[in-house]
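The model shown is predicted, which means the values in this text are computed figures rather than measured ones. When reading the values below, keep in mind they use all heavy atoms of this one structure, side chains included, and skip hydrogens, waters and symmetry mates.
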Amino acid sequence: MSSNEQPSAPTNFIRNRIRKELESGQYEQLVTRFPPEPNGYLHIGHAKSIVLNFSLPREFGGYTNLRFDDTNPEKEEQRYIDAIKEDVRWLGYDWKNECYASNYFETLYEYALHLIDEGLAYVDEQDADAIREQRGTLTEPGTNSPHRDRSVAENRLLFERMRSGELPDGACVLRAKIDMAAPNINLRDPVIYRIRHQEHPRTGTEWCIYPSYDFAHGQSDAIEHITHSLCTLEFEDHRPLYDWLIEHLPVPSRPHQIEFARLNIDFTVLSKRRLTRLVDEGHVDGWDDPRLPTIAGLRRRGFTPESIRNFCTEIGVTKSESIIPFGVLERNLRDDLNVRAPRRMAVLKPLKIVLTNFPEGETEWLEAANHPQNPDMGTRKVPMTREVFIEQDDFMEEAPKKFFRLKPGGEVRLRNAFIIRCDEVVKDSAGNLVELRCSMDPETRSGQPGADRKVKGTIHWVSAEHAVKAEVRLYDRLFKVPHPGGDKEADFVEHLNEQSLEVLNEARLEPGTEQAAVGDFFQFERLGYFVPDHDGTPDRPVFNRAVTLRDTWAKLEKQLRQG
RNA sequence: UGGGACGUCGCCAAGUUGGUUAAGGCACGGGGUUUUGAUCCCCGCAUUCGCAGGUUCGAGUCCUGCCGUCCCAGCCA
C-alpha cells in the first residue's frame with residue numbers, strides 16, 4: 001500500500017439510510033452523481049461531495065456519474081470543464097459516464113411542453129421586477145400572475161416562440177403553475193425556463209432558452225437513473241419542488257434528494273463566488289495559487305489526494321453546520337507524508353559555520369537514511385566539507401535554558417554526522433553575525449563507537465560547497481480572521497493576510513534534491529514537507545512548503561515569551 | 001412574527017425501533033523511546049447530551065414549551 005488511508009469509513013446518516021434501503025431491496029444498485037457547474041474551479045468543499053458520491057457506490061455497489069450542470073451559459077466555460085475533470089481524476093476517482101445537463105436540453109424541452117399540456121406551466125411575459133413583487137414575502141403569500149390562466153394552446157405557442165429566437169432576453173419566462181400562496185417560496189410558480197441569447201460551451205447557438213437549475217437537476221437525475229441525489233443543505237427547501245417535478249413529469253426513474261452540510265474551514269473562503277473574486281481581482285496568482293483551498297491550489301501547495309480523501313472521511317457527513325480548523329487538513333497531509341516522504345536536508349536561512357578541525361578542500365560522504373522508520377526507503381550519501389550552512393534559527397547567542405540548539409561554547413549534533421562545538425562567533429564591524437567557527441568531535445561520527453554520545457540537540461545542515469541554491473516559498477493562512485466570509489460589515493478581501501506568502505531566495509538544498517520533478521515530495525528534516533513548484537527551472541529550483549512539521553519548540557517558545 | 005433545518009467534551013462526531021458505566025478522532029495535559037524539540041508508544045480527558053418541564057421501572061434517544069444558530073423572497077447553482 002502506497003498510502004496510509006483509513007481502513008473504514010465512519011458511519012453517517014446517508015450511509016445508514018442506504019444500507020437499510022439496500023437491505024429492504026428498494027433498488028439493486030446505488031447510482032450517484034457529482035454535479036459541478038463549470039463556472040469555476042473545484043475546491044476542498046467539492047472534495048467532500050466527491051468523496052461521498054464516489055465512495056458510497058464503491059462500498060455498496062453501483063457507480064457515479066460526473067455531470068456538468070451547464071444550464072447557465074453566461075458563466076460557464078470549457079476551461080472549467082477541463083479543469084474539473086482533471087481535479088476529479090487527480091483525487092483518484094473515475095466516473096462511469098461523463099454527462100452534461102445540456103445533453104438533455106431536447107428532453108427537458110419536451111418535459112416543459114408536457115407540463116404546459118397538463119396545465120401545469122405557463123408563459124409569463126412580466127419582467128423580473130413584477131414577478132418578484134408578486135412573489136410575496138416570507139410572511140405574506142404571493143399573488144397570481146395575470147397570465148397564469150392562459151390556455152394550453154396559447155402557452156404552447158408562446159413557449160415555441162421563446163425557443164425560436166424571435167424574443168429578446170427577458171421578454172418572458174416559463175413558470176411552473178404550483179401555488180402562489182405556498183409557505184415555501186420555491187413553490188410559488190418558480191421560473192423554469194428563461195431566454196438567454198448566449199453561446200453555450202457545449203450546444204453553441206442551438207438554444208436561446210435554458211432551463212433553470214430546479215427544472216434541469218432533478219430531471220437529469222431521473223434520466224440518468226440516479227438513485228441518490230446528494231446535495232448541500234441550502235437545497236433542502238427545493239426538495240418539495242424537486243419531488244413535484246419528478247411526480248408530474250414522465251421521467252424514467254425516481255431519484256431522491258438528500259442534503260448534507262457543506263464544508264467550512266476557518267481562515268479561508270469556500271464559495272466559488274468569493275474564490276472567483278480573489279482570482280479575478282488578482283489577490284492571488286490564479287486558481288492554482290498554493291494559498292487557495294482549490295483542488296488545484298492544494299495540489300500545487302503539495303497536498304496529496306490521499307490526504308484530502310482522508311480529511312474528507314475524517315470530518316464526517318452530517319446535517320449540522322460546522323467549521324473545521326485548517327490545521328485538521330494540514331495534519332492529514334503530515335500523517336500521509338510522514339510515512340511516504342523521503343527525507344532530505346535543506347537550509348532555509350543559511351548561517352555559515354567553519355569546522356576548524358575539518359581538513360580543508362576535502363569532502364567526506366556520509367550515509368543518511370531516507371526514512372528513519374522505513375529502511376526499505378534506502379540511504380543516500382551526503383557530502384560534508386569544512387564549511388557548511390546551518391539554519392539561522394538553530395543558533396542563539398543568548399539562549400534560554402530550554403534552547404537545545406547551538407550556542408556559544410555549546411554542543412549540538414549535525415544530523416547524520418557528528419557533534420560540533422561552537423568555539424567562536426565571528427561578527428563584522430557593524431556587529432552583524434558573519435559566521436561561526438566550530439570544532440567537530442570525529443569520534444561521534446555516525447556509525448562510529450562514539451556516535452552514541454548524547455547531546456541535547458540535533459540540527460540539519462548542508463555543505464556550503466555542494467549545496468544548491470533554491471527559492472523556497474512559505475505559505476501562511478490567506479486571511480487574518482477565522483471567518484472572513486462571515487463579516488456582515490466588511491468585505492472579505494479586507495481580511496486578507498498580506499503576509500500569506502514569504503519568498504526565500506537564499507535557501508540551500510542538499511545536492512540532488514534539485515533534480516526532483518513536480519509531483520515529488522520530501523520532508524526537509526526538522527522543517528516540514530516540501531514539493532517542487534512548476535515555476536522552477538533546472539538552475540533555479542523552486543520549492544513550496546506544503547506544511548511545517550509539528551513544532552513543539554515553537555509552541556514552547558511562544559509560551560515562554562508570553563510568560 | 002411564514003417555511004425548512006440544526007443544537008452530544010475546546011473542534012469534529014458515533015449513538016440501531018428508549019435499557020447497565022455516553023464510541024472514536026483531533027486538540028490538550030502527563031510519561032516513555034528517539035542522531036528530526038518530528039514520528040511512534042502508554043496514560044488522562046463529558047455523572048452528562050441547548051434549556052425547562054413531562055411520560056416511563058428506565059430517555060441523549062418519546063411528548064410539550066422555550067432558547068440559540070443557519071437557509072429561503074435570482075429570469076444563479
Side-chain angles (χ1 to χ4, degrees), chain A residues 6 10-12 16 20 35-37 39 69 71-72 74-75 124 126-128 131-133 135-142 169-175 182-188 190-196 209-210 212-214 216-217 231-240 259 261 266 272-273 314-325 327-328 331-332 334-335 338-339 343 345 368-369 371-373 402-405 412-419 444 446 451-460 523-528 548-557:
Chain A
Q6 290 177 353
T11 175
N12 62 59
N16 290 162
K20 277 183 196 157
E37 181 189 11
N39 66 345
D69 227 331
T71 58
N72 183 4
E74 281 183 346
K75 299 198 256 175
D124 194 338
Q126 299 183 101
D127 62 26
I131 290 177
R132 187 182 312 120
E133 277 166 35
R135 189 148 32 223
T137 68
L138 295 178
T139 52
E140 298 160 323
D169 287 7
C172 47
V173 293
L174 183 70
R175 296 224 256 166
N184 180 341
I185 291 179
N186 292 303
L187 261 20
R188 321 241 259 230
V191 170
I192 57 176
Y193 260 97
R194 71 283 212 194
I195 301 172
R196 278 277 184 311
I209 57 173
Y210 294 94
S212 65
Y213 164 84
D214 287 306
H217 203 97
C231 63
T232 44
L233 251 29
E234 64 269 29
F235 292 102
E236 216 155 13
D237 288 341
H238 292 244
R239 180 151 32 97
E259 312 83 14
D266 64 8
K272 254 197 261 183
R273 202 202 97 233
E314 178 179 304
I315 57 175
V317 179
T318 67
K319 296 192 71 156
S320 62
E321 293 157 272
S322 56
I323 300 168
I324 310 291
V328 175
R331 181 180 46 71
N332 272 282
R334 285 194 199 102
D335 288 348
N338 173 47
V339 313
R343 301 305 101 140
M345 291 195 285
H371 190 112
Q373 277 83 228
K402 293 269 207 171
F403 187 79
F404 299 154
R405 282 110 97 150
V412 77
R413 172 175 286 280
L414 291 186
R415 176 89 172 148
N416 300 124
F418 37 68
I419 292 170
T444 59
S446 296
D452 58 357
R453 179 154 83 83
K454 304 293 181 199
V455 284
K456 277 290 193 178
T458 297
I459 65 174
H460 55 93
Q523 183 195 102
F524 288 170
E525 288 195 279
R526 301 208 312 130
L527 296 173
T548 62
L549 252 33
R550 190 158 158 255
D551 194 345
T552 309
W553 165 246
K555 207 165 63 181
L556 221 183
E557 199 181 28

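- Using atom C1' as the reference point in both B:rC70 and B:rU64, the two lie 24 Å apart (nearest Å).
- A:Asp214 places its CG atom 10 Å from the P atom of B:rC75, with the value rounded to the nearest Å.
- Proximity of a side-chain donor or acceptor of A:Arg188 to a complementary backbone N or O of A:Ala182 within less than 3.5 Å is detected.
- Nucleotides B:rG10 and B:rC62 have their C1' atoms positioned 31 Å apart, rounded to a whole Å.
- Using a 4.0 Å heavy-atom cutoff across all strands shown, A:Asn39 reaches no nucleic acid atom at all.
- In this structure, of B:rU16, B:rA73, B:rA77, it is B:rA77 that holds the atom nearest to the side chain of A:His238.
- Here B:rC12 is the nucleotide among B:rA14, B:rC12, B:rG2 with the atom lying nearest to any side-chain atom of A:Ser322.
- The closest donor-acceptor contact from the side chain of A:Arg194 to the backbone of A:Asp169 lies at 3.5 Å or more, if one exists at all.
- If you take CG of A:Asp266 and C1' of B:rG10, they are 13 Å apart, rounded to a whole angstrom.
- Comparing atom distances between the A:Arg196 side chain and each of B:rA14, B:rC76, B:rA77 picks out B:rC76 as nearest.
- Between the side chain of A:Thr318 and the backbone N or O of A:Ser320 there is at least one donor-acceptor pair closer than 3.5 Å.
- Counting any heavy atom pair closer than 4.0 Å across all strands shown, A:Ile315 reaches sugar-phosphate atoms only and no base atom.
- Taking the syn range as angles within 90° of 0, the glycosidic angle of B:rG54 is outside it, so the base is anti.
- A donor-acceptor pair under 3.5 Å is formed between the side chain of A:Asn184 and the backbone N or O of A:Asp237.
- Between A:Phe235 and A:His238, the ring planes are perpendicular. Angles over 60° get that label, and only those under 30° would be called parallel.
- One can place CD1 of A:Ile323 at 10 Å from P of B:rC11, the figure rounded to the nearest angstrom.
- Atom NZ in A:Lys272 sits about 15 Å away from atom P in B:rC76, given to the nearest Å.
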TODO: Report, as a single string ordered 5' to 3', how protein heavy atoms within less than 4.0 Å touch nucleotides 32-41 of chain B: B base, S sugar-phosphate only, - not at all.
DONE: ---BBBBB--
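- Residue contacts shown for A:Val191 are limited to sugar-phosphate atoms, with no base heavy atom under 4.0 Å away.
- Heavy atoms of A:Glu557 sit nowhere under 4.0 angstrom from any nucleic acid atom.
- Straight-line distance from the CZ atom of A:Arg132 to the P atom of B:rA73: 11 Å, rounded to whole Å.
- In this structure, of B:rC71, B:rC75, B:rC28, it is B:rC28 that holds the atom nearest to the side chain of A:Lys555.
- Spacing of P atoms, B:rC63 relative to B:rA5, comes out at 14 Å, to the nearest Å.
- Closest non-hydrogen pair, A:Asn12 versus A:Val317, comes out as CB-O, 3.3 Å.
- B:rA52 and B:rC67: their C1' atoms are spaced 10 Å apart (whole Å).
- Residue contacts shown for A:Thr137 include a base, since a base heavy atom lies under 4.0 Å away.
- Spacing of C1' atoms, B:rA23 relative to B:rG31, comes out at 26 Å, to the nearest Å.
- At the heavy-atom level, A:His217 lies nowhere under 4.0 Å from the strands shown.
- Rounded to whole Å, the separation between the P atoms of B:rU1 and B:rC66 comes to 11 Å.
- Under 4.0 Å is where a charged nitrogen must lie from a carboxylate oxygen, and between A:Asp551 and A:Lys555 no such pair does.
- With A:Lys75 contributing its side chain and A:Glu37 its backbone, the two residues share no donor-acceptor pair below 3.5 Å.
- The side chain of A:Leu138 lies closest to B:rA73 when the candidates are B:rA73, B:rG15, B:rC75.
- At least one side-chain heavy atom of A:Arg175 sits under 4.5 Å from a side-chain heavy atom of A:Gln126.
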Task: 5'-to-3' dot-bracket of RNA chain B (Watson-Crick, G-U; under 3.5 angstrom; crossing pairs as [ ]; | other strand) - done: .((((((..(((......[....))).(((((.......))))).....(((((..]....))))))))))).....
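- Regarding contacts with the backbone of B:rA77, a side-chain N or O of A:Thr71 is found under 4.0 angstrom from either OP1 or OP2.
- The pair A:Lys319-A:Glu236 counts as a salt bridge, with a side-chain nitrogen and a carboxylate oxygen less than 4.0 angstrom apart.
- Looking at A:Glu557 and A:Phe403, their side chains never come closer than 4.5 Å, going by heavy atoms from C-beta outward.
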Open item on the list: For a side chain to side chain contact (heavy atoms under 4.5 Å, CB included) check, start with the C-alpha distance between A:Asn72 and A:Asn39, then their side-chain angles and the critical distance, and finish with the verdict.
Closed with: CA-CA 9 Å; A:Asn72 183 4; A:Asn39 66 345; over 6 Å; no
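- Using a 4.0 Å heavy-atom criterion, one finds that A:Phe235 contacts the bases of the nucleic acid, with or without backbone contacts as well.
- As rounded to whole Å, 13 Å separates atom C1' of B:rG7 from atom CG of A:Leu233.
- Among B:rC75, B:rA77, B:rG3, the nucleotide with an atom closest to any side-chain atom of A:Ala128 is B:rC75.
- In this structure, of B:rA14, B:rC70, B:rG25, it is B:rA14 that holds the atom nearest to the side chain of A:Thr318.
- Remark: C1' of B:rG74 and CZ of A:Arg194 are 9 Å apart, rounded to the nearest angstrom.
- Atoms CD1 (A:Ile324) and C1' (B:rC12) sit 5 Å apart, rounded to a whole Å.
- Residue contacts for A:Val412: at a heavy-atom cut-off of 4.0 Å it reaches no nucleic acid atom on any strand shown.
- The backbone N or O of A:Ala451 sits less than 3.5 Å from a side-chain atom of A:Arg413, completing a donor-acceptor pair.
- Between B:rG30 and B:rU39, the distance separating the two P atoms is 15 Å to the nearest Å.
- When the P atom is compared between B:rG4 and B:rG25, the two are found 38 Å apart, to the nearest whole Å.
- Where A:Gly316 and A:Gly170 meet RNA chain B, the nucleotide closest to each residue was compared, and A:Gly316 sits on the side nearer the 5' end.
- Which of B:rC76, B:rC71, B:rC70 sits closest to the side chain of A:Asp237 comes down to B:rC71.
- In the set B:rG15, B:rG25, B:rC76, the nucleotide with an atom closest to the side chain of A:Asn16 is B:rG15.
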